Amino acid sequence: MIRMCGIVGYIGHNTDIRVGMEALKRLEYRGYDSAGMAVYNKEKKRVDSVKAVGKVVALEEKLQGMNLKGSPFLFYTRWATHGGVTEQNCHPHTDCRDNIWVAHNGIIENYRKLKEGLQKEGHVFVSETDTEVLPHLIEKFFKGNLEEATQKALLLVKGAYALAIIAKDDPEKLVLARNSAPLLIGLGKDEYLAASDPSAVITHTNKVVYLEDGELAVLTRESFSIRDFRQNHVSREAEEIDWDFEDAQKGGYPHFMAKEITEQPESITNSLRGRILLEQGDAKLGGLELVKDRLKEIERVQILGCGTAYLSGLVGRYMLQEYAGIPTEADIASEFRYRKPIINKKTGYLFISQSGETADTLAALQEVKKKGGLTLGIVNAVGSSVARETEAGVYNHAGPEIGVASTKAFTSQLTVLALLTLFLGRQRDMALVMGQRIAKELAGIPELVKETLETAGPVMERIAAKYQGARDFFFIGRKYNYPVALEGALKLKEISYIHAEGYGAGEMKHGPLAMIDENFPTFALCPSDSVYEKMISNVQEIKARRGPVIALATKGNEEIKEIVDDVVYIPKTLEMLTPILSVIPLQLFAYYMGVLKGHDVDKPRNLAKSVTVE
C-alpha cells in the first residue's frame with residue numbers, strides 16, 4: 001500500500017485560513033481525491049473541521065461563506081489507501097473528545113493491533129483509515145502537553161509517517177513528527193508553515209528546515225524546537241530554496257505538463273551549468289569531490305530507481321558501460337532488497353529520484369548504507385532524504401516539477417548521467433578527443449532540444465489526433481532507445497489511459513508480434529545510429545503484418561517515409577545523447593492524446609507525484 005498526500009500546518013499571527021488553502025493547492029499533485037482542514041477557534045475554544053470529497057476546489061467551495069478563522073490550523077489533500085474516498089476517511093482525524101487533530105502522510109503498519117487495544121479501552125472509531133489510531137493513541141497519553149503525549153504514542157507506532165498535530169486543550173502549539181516521509185518547516189516572520197513539500201511555503205519564505213527521521217518539532221508563534229525521540233535537542237541550520245513562486249506556476253500554459261515539457265531547454269541548461277570542461281573534455285561535479293578518489297577504484301556501478309527514474313538508469317547503464325568502461329546494472333529499487341543483494345565495496349550504488357523521498361529508493365539506500373556500500377545520488381529536490389543520506393551526489397537543478405508524469409526531470413537525469421559518464425570515463429581510459437567530443441555535444445543539447453520542441457510539437461499534435469481512437473500501442477527501440485520506448489509507453493499509459501507496452505525491438509518476434517494487426521499501432525524509435533538497420537528490419541516485420549507504424553527518425557532521413565505511416569524527426573547528435581531528444585516527441589504524444597481524450601493530464605487518475613511509502 002502507498003500513500004502520497006499533502007500536509008500543510010500553520011501557526012502564527014495570521015488567522016486567515018486562505019493561507020492554508022493556497023498552500024494546499026500547490027500540494028494537490030500529491031493527492032486529489034479528497035481534502036480537509038481543521039482550525040483552532042480561539043473565541044469558542046474548539047477546533048472546527050471541514051472535509052470534502054474531490055479535488056481541493058471542492059473544499060474551497062465548501063469553506064466559502066463559513067468565515068472560519070484561527071491559528072494553528074491544518075490542511076490536507078488525500079490520495080486514498082485505507083478506506084474509500086469519503087469525508088469520514090479524509091484527514092485531519094480526531095480523537096473521542098475532538099481534542100487531538102492529526103494530518104498524516106504515510107502508513108501505520110501495526111494499526112490493527114493498536115486499534116483493537118484502543119477499542120477495548122473504550123475508544124470509538126469513525127473511519128476505515130489506519131491514521132485514526134494516532135489521535136486516539138495520543139489521547140490516551142494526553143495530560144495537557146501535546147508533544148509529550150505525541151512522543152509517548154509514537155514509541156508504540158510502527159510504520160512511516162509525516163505528522164502535523166494540533167490540540168484544543170494545548171492550543172498554542174503545532175507539533176510535527178517524521179519517520180520515512182517528508183516534512184519541513186518554513187520559517188516566516190512571526191509565523192511558521194509546515195508542509196510536505198517546499199512548493200507549499202515558497203510564497204511566504206525561501207528559508208526551510210527539513211526534519212529528519214525520528215524527530216519531533218514543536219512550533220509556537222514565537223519559536224520552534226526540534227528533538228529526537230530520546231528527548232535530545234537537535235540544532236539545524238535553515239536552508240534556502242533555490243527557486244521562486246513563479247517557477248511553480250503554470251505561466252500561461254494550459255497545464256503544468258505542457259509548461260514542463262517546454263521548459264526542457266532551460267532545465268537541461270541548468271543541469272549543465274558550470275559542469276562542462278570543454279578543453280579538458282571532462283565534467284566538474286562538485287558533489288562528487290569528496291569521493292572522487294574512491295570513484296577511481298570502483299569496478300562496477302549499480303543504478304537504482306523507480307518508475308521514470310529507473311528508466312533513466314537503464315539509459316545510464318548503456319552510457320557508463322560503453323564510454324566509461326564500467327560494468328553497470330540498473331535495478332528497480334522496490335525489488336532490490338528482496339533478492340538479498342550482495343553489497344560490494346568495489347561497487348558504486350547510484351540512487352536516482354526526482355523528489356528524493358521515494359520510499360522504495362530510500363529503503364534500498366538504507367540497505368546499502370547498512371552494509372557499507374558507497375552511496376551516490378542524482379536528485380532534483382535540494383535537502384531531500386536521498387540527498388542527505390547519500391555520501392555524495394549531483395543535483396539536477398531542474399526546478400520544481402508539478403505535473404505527476406515526469407518530463408523535464410527525466411531529461412535532466414539523462415543529462416546528469418551523461419556528465420557522470422564523462423567524469424568517470426576521464427578518470428579511466430576515455431581519450432581526450434572523445435571527452436572533448438562528448439562535452440561539445442552535451443553543451444549543444446539545449447539548442448537541439450529547443451529545435452525538437454519546435455518541429456515535433458505540431459507533428460505530434462496531428463499524429464495524436466490521427467491515432468486517438470487506438471486502444472493499444474507498442475513502443476519499440478534498441479540499445480539507448482530501448483529504455484526510451486519503455487518511457488514512451490509509460491507516459492501514454494499515465495496520461496491517456498491507453499494500454500501501451502514498451503519492448504526491445506528484437507523481442508517482437510518472440511511473442512508480441514502475435515498482437516499486431518491493422519488496429520494495433522507501433523511507435524518505432526529509429527534514429528540513425530548503430531542499430532538503425534536492425535530497427536528497420538523490425539519495422540518491416542510489423543508492416544508485413546499490416547500494423548500501422550509511427551517512426552521517430554533523424555532529420556534528413558527521407559527514405560523511411562516509404563516504409564512507415566508517419567514520421568517525426570529529431571536532430572542528429574551523439575548516439576548516447578539521442579534519448580534526451582527522442583523522448584520529447586513521446587512526451588508530446590502522450591500529452592496531446594490525454595488532452596484530446598479530455599483528461600486532466602497534470603493529475604492522472606489513481607496516481608500522485610511523490611511516492612513516499614512502500
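Start at 1 with the first residue, then count along the sequence. Source: prediction; values computed, not measured.
- Taking each heavy atom of L486 and G502 in turn, the nearest pair found is CD2-O, 3.3 Å.
- For R78 (side chain) and S34 (main-chain N/O), no donor-acceptor pair under 3.5 Å exists by modelled atom type.
- Aromatic ring pairs are classed by plane angle as parallel below 30°, tilted from 30° to 60° and perpendicular above 60°; the pair H255 and Y591 is perpendicular.
- The 12-atom threshold is exceeded at CZ of R428, counting heavy atoms of other residues, nucleotides or ligands nearer than 6.0 Å.
- Side-chain atoms of H499 and D472 form a donor-acceptor pair, as typed in the model, at a separation below 3.5 Å.
- Residue M434 holds its CE atom at 10.5 Å from CG of L422, rounded to the nearest 0.5 Å.
- Side-chain contact between I550 and V564: absent, with no pair of heavy atoms (C-beta onward) separated by less than 4.5 Å.
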| task | Would you check, one step at a time, whether the test side chain to side chain contact (heavy atoms under 4.5 Å, CB included) holds for D360 with L304? | result | CA-CA 10 Å; D360 294 305; L304 295 115; over 6 Å; no
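- The nearest pair of heavy atoms linking R478 to A505 is CG-CB, 3.6 Å.
- Residues V291 and L376 are in side-chain contact: their nearest non-hydrogen atoms beyond the backbone lie under 4.5 Å apart.
- Two residues are said to be in side-chain contact when any heavy atoms from C-beta on lie closer than 4.5 Å; K597 and Y497 fail this criterion.
- In this structure, K55 pairs ionically with D600, as a charged nitrogen and a carboxylate oxygen lie closer than 4.0 Å.
- Closest approach of V484 and S582 over heavy atoms only: CG1-OG, 3.7 Å.
- Expressed to the nearest 0.5 Å, how far CZ of F410 lies from CG of L586 amounts to 9.0 Å.
- A 4.5 Å side-chain heavy-atom check between V549 and K543 finds at least one atom pair inside the cut-off.
- Taking all atoms of both residues into account, the shortest heavy-atom contact from M593 to F473 is CE-CE1, 4.1 Å.
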| said: For a side chain to side chain contact (heavy atoms under 4.5 Å, CB included) check, start with the C-alpha distance between E494 and M257, then their side-chain angles and the critical distance, and finish with the verdict. | reply: CA-CA 12 Å; E494 286 179 298; M257 186 177 181; over 6 Å; no
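- Taking 4.5 Å as the limit, some side-chain heavy atom of V459 sits within range of a side-chain heavy atom of R462.
- A salt bridge links K561 with E558: the distance from a Lys NZ or Arg NE/NH1/NH2 to an Asp or Glu carboxylate oxygen falls below 4.0 Å.
- A donor atom on one side chain and an acceptor atom on the other are not found under 3.5 Å apart for Q354 and S406.
- Of the possible polar contacts, none joining the S334 side chain to the I332 backbone as a donor-acceptor pair under 3.5 Å is found.
- Side-chain atoms of S355 come within 3.5 Å of backbone N or O of E357 as a donor-acceptor pair.
- In summary, the side chains of S412 and S267 do not present any donor paired with an acceptor at a separation below 3.5 Å, with no hydrogens or angles considered.
- In this model, a donor atom of one side chain and an acceptor atom of the other lie less than 3.5 Å apart for T308 and K491.
- Residues Y569 and I560 meet the side-chain proximity criterion, which asks for heavy atoms closer than 4.5 Å.
- In this structure, CE in M508 is found 10.0 Å from CE in M515, a value given to the nearest 0.5 Å.
- No donor-acceptor distance shorter than 3.5 angstrom exists from the side chain of D282 to the backbone of L277, with no hydrogens or angles considered.
- In this structure, OG1 on T522 lies 3.5 Å from CD1 on I516, to the nearest 0.5 angstrom.
- Nearest heavy-atom pair, T411 versus I580, reported as atom, atom and distance to 0.1 Å: CG2-O, 3.8 Å.
- A donor-acceptor contact shorter than 3.5 Å links the side chain of Q436 to the backbone of E279.
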| request: Would you sort out whether E487 and F475 count as a side chain to side chain contact (heavy atoms under 4.5 Å, CB included), showing the intermediate values? | output: CA-CA 9 Å; E487 173 66 5; F475 287 75; over 6 Å; no
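- Atom NZ of K284 sits in a sparse spot, with 12 or fewer heavy atoms from other residues, nucleotides or ligands closer than 6.0 Å.
- Ion pairing between R339 and E335 fails under the 4.0 Å rule for side-chain N and carboxylate O.
- For the pair R426 (side chain) and M430 (backbone), a donor-acceptor distance under 3.5 Å is present.
- A donor-acceptor pair is defined here as one N or O able to donate and one able to accept, closer than 3.5 Å; such a pair exists between the side chain of D602 and the backbone of F256.
- K408 places no side-chain N or O within 3.5 Å of a backbone atom of I268 that could act as its donor or acceptor partner.
- A salt bridge (charged side-chain N to carboxylate O under 4.0 Å, His left out) check over residues 302-327, counting only residues at least two apart or in different chains, returns the pairs E322-K479.
- The environment of R471 atom CZ is sparse: at most 12 non-hydrogen atoms of other residues, nucleotides or ligands sit within 6.0 angstrom.
- Annotation for P585 and T452: closest pair CD-CG2, 4.1 Å, computed over non-hydrogen atoms.
- Contact of the L552 side chain with the F589 side chain is not registered, since no non-hydrogen atoms from C-beta on lie closer than 4.5 Å.
- With no hydrogens or angles considered, no side-chain donor-acceptor pair links T347 and Q302 at under 3.5 Å.
- Side-chain contact of S353 with T361: a donor-acceptor pair under 3.5 Å is absent, judged by distance alone.
- The main-chain N or O of Y592 is never found under 3.5 Å from a side-chain atom of E461 such that the two would form a donor-acceptor pair.
- To the nearest 0.5 Å, atoms CZ (R337) and CG (D331) are separated by 13.0 Å.
- When the shell of 6.0 Å around NZ of K292 is examined, it contains 12 or fewer heavy atoms from other residues, nucleotides or ligands.
- Side-chain contact, T328 with Q321: no donor N or O sits under 3.5 Å from an acceptor N or O.
- A donor-acceptor pair under 3.5 Å links the side-chain atoms of Q264 to the main chain of I261, judged by distance alone.
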| request: List the steps and the verdict of side chain to side chain contact (heavy atoms under 4.5 Å, CB included) for V382 and I241. | output: CA-CA 8 Å; V382 175; I241 303 170; over 6 Å; no
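- Side-chain contact between L420 and L288 is present, with heavy atoms from C-beta onward closer than 4.5 Å.
- Between the OH atom in Y318 and the CD atom in E575 there is a gap of 10.5 Å [rounded to 0.5 Å].
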